[in-house]
Amino acid sequence: MTMKMTEISKVRTCLWFDDNALAAARFYCGLLSDSQIQSIERYSEGQEMAEPGTVSLVEFTLAGTPYQAINGGPHFKLDEAVSISVATEDQAETDRLWEALIAGGGAESQCGWLKDRFGLSWQIVPRRSIELMYGPKAARVWPALMQMKKIDIAALEAAAGAA
């Protein structure tokens, strides 16, 4: 699959992986609707980064947003300075994504943040929690939120007095 330059989005986020860009892209595309891999490029003879035929670049979309993933070796590591934030529709979607992303070696963090098995940070944030965090009862909601790892909408509504 070779991507033509006219098909590449002008702006997209690039994610650096040691050697598992394709596995990560396939996993991510399986999580969200309107997601797909557009192209897979491979290293050719004369490129010193990896063996010829090894995946070099994967162009994909997540929920319609363009990304690229490169296999660049161990020179750089993903960290929490960059995360993918997903506004979920309800607790069921929040739970589904959370469990899928921490499975196989991911790690929970605080306030809806986690790191997946590939080392990429995510924020799984229900839309309702955003309304509560920035609404008129935010002062009651934030202390409850700060105690959570995965966001619990019902607990935030209870803290707001909206349950």
Side-chain angles (χ1 to χ4, degrees), residues 1 3 5 7-43 47-50 54-134 138 141-153 156:
M1 247 191 261
M3 181 73 110
M5 287 303 291
E7 297 171 356
I8 296 175
S9 298
K10 186 173 187 94
V11 176
R12 63 206 176 282
T13 300
C14 179
L15 304 171
W16 182 292
F17 296 90
D18 286 357
D19 61 2
N20 52 8
L22 182 56
R26 284 180 173 153
F27 174 65
Y28 302 152
C29 288
L31 294 174
L32 299 165
S33 61
D34 192 22
S35 300
Q36 66 180 5
I37 293 176
Q38 274 84 35
S39 71
I40 302 167
E41 303 297 333
R42 298 183 182 278
Y43 287 106
Q47 291 178 305
E48 298 176 12
M49 296 287 288
T54 302
V55 172
S56 61
L57 174 74
V58 181
E59 295 276 347
F60 63 104
T61 59
L62 292 180
T65 301
Y67 289 87
Q68 65 182 19
I70 61 172
N71 283 327
H75 310 293
F76 301 107
K77 299 291 180 200
L78 297 167
D79 68 27
E80 293 80 1
V82 173
S83 63
I84 295 177
S85 183
V86 180
T88 56
E89 298 303 321
D90 53 29
Q91 193 67 51
E93 184 181 19
T94 299
D95 295 347
R96 179 185 65 79
L97 288 173
W98 188 271
E99 296 307 318
L101 287 164
I102 62 169
E108 296 179 313
S109 190
Q110 187 175 349
C111 303
W113 288 65
L114 61 85
K115 191 174 275 197
D116 70 26
R117 66 181 176 243
F118 300 103
L120 183 61
S121 291
W122 294 74
Q123 299 175 60
I124 306 303
V125 185
R127 291 183 191 278
R128 177 65 178 137
S129 71
I130 296 167
E131 294 168 3
L132 293 167
M133 289 186 298
Y134 297 100
V141 172
W142 277 91
L145 175 70
M146 296 306 290
Q147 302 303 311
M148 296 178 183
K149 290 186 179 192
K150 177 177 65 175
I151 295 176
D152 180 335
I153 299 168
L156 292 181

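The two residues G73 and W16 have their closest heavy-atom pair at O-NE1, 2.9 Å. Between V125 and M133, the closest heavy-atom pair is CG1-CE, 4.2 Å. Shortest non-hydrogen contact noted between V141 and L132 is CG2-O, 3.7 Å. What you find for C111 and M146 is that their closest heavy atoms are SG-SD, 3.6 Å. Taking all atoms of both residues into account, the shortest heavy-atom contact from I153 to P126 is CD1-CB, 3.5 Å. Closest approach of I151 to Q91, counting heavy atoms only: O-NE2, 3.0 Å.
Between the side chain of T94 and the main chain of D90, a donor-acceptor pair closer than 3.5 Å is present. Side chain of T61 to main chain of S35: no donor-acceptor pair is present (N/O by atom type, distance under 3.5 Å, no hydrogens or angles). Judged by distance alone, the side chain of N20 and the main-chain N or O of A24 form no donor-acceptor pair under 3.5 Å. Under a 3.5 Å cut-off, the side chain of N71 and the backbone N or O of S56 do not form any donor-acceptor pair.
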Before giving the answer on side-chain contact (heavy atoms from CB on, under 4.5 Å), spell out for E80 and K115 the whole-Å C-alpha distance, their side-chain angles and the decisive distance to 0.1 Å.
CA-CA 8 Å; E80 293 80 1; K115 191 174 275 197; 2.9 Å; yes

As a quick check of understanding, evaluate side-chain contact (heavy atoms from CB on, under 4.5 Å) for W142 and Y134, giving each step before the final call.
CA-CA 9 Å; W142 277 91; Y134 297 100; 3.7 Å; yes

With side-chain contact (heavy atoms from CB on, under 4.5 Å) as the test, would you mind laying out the steps for L22 and I37 before giving the verdict?
CA-CA 9 Å; L22 182 56; I37 293 176; 4.0 Å; yes

Run E59 and R12 through salt bridge (Lys or Arg N to Asp or Glu O under 4.0 Å) and show every step you take.
CA-CA 9 Å; E59 295 276 347; R12 63 206 176 282; 3.4 Å; yes

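Atom CG in L145 sits 11.0 Å away from atom CG in D152 (nearest 0.5 Å). Rounding to the nearest 0.5 angstrom, the gap separating the CD atom in Q68 from the SG atom in C14 is 4.0 Å. Rounding to the nearest 0.5 Å places CG of L101 at 9.0 Å from CZ of R96. Note: I84 CD1 to T13 OG1 = 7.5 Å, rounded to the nearest 0.5 Å. Note: T54 OG1 to D19 CG = 9.0 Å, rounded to the nearest 0.5 Å.
The side-chain contact (heavy atoms from CB on, under 4.5 Å) test applied to P143 returns no partner, not counting sequence neighbours. Every residue meeting the side-chain contact (heavy atoms from CB on, under 4.5 Å) condition with E99, not counting sequence neighbours, appears here in chain and number order: I102, K150.
A heavy-atom distance below 4.5 Å is not found between the side chains of I40 and L57. Contact of the R127 side chain with the E89 side chain is registered, since non-hydrogen atoms from C-beta on lie closer than 4.5 Å. Using a 4.5 Å heavy-atom cutoff, the side chains of T88 and D95 are not in contact. With a 4.5 Å cut-off on side-chain heavy atoms, L15 and F60 count as touching. In this structure the side chain of Y28 reaches within 4.5 angstrom of the side chain of W122, judged on heavy atoms. Between Y67 and V58, the closest side-chain pair of non-hydrogen atoms is not below 4.5 Å.
Within 6.0 Å of the CZ atom in R26, the count of heavy atoms belonging to other residues, nucleotides or ligands does not exceed 12.
Donor-acceptor pairing under 3.5 Å is lacking for the side chains of S121 and S83.
Ring planes of F27 and F118: tilted class, angle from 30 to 60°.
Within the structure, ring pair (Phe, Tyr, Trp, His ring centres under 6.0 Å) contacts touching residues 93-117 (residues at least two apart or in different chains) do not occur.
For the pair K77 and D18, the salt-bridge criterion is met [side-chain N within less than 4.0 Å of a carboxylate O].
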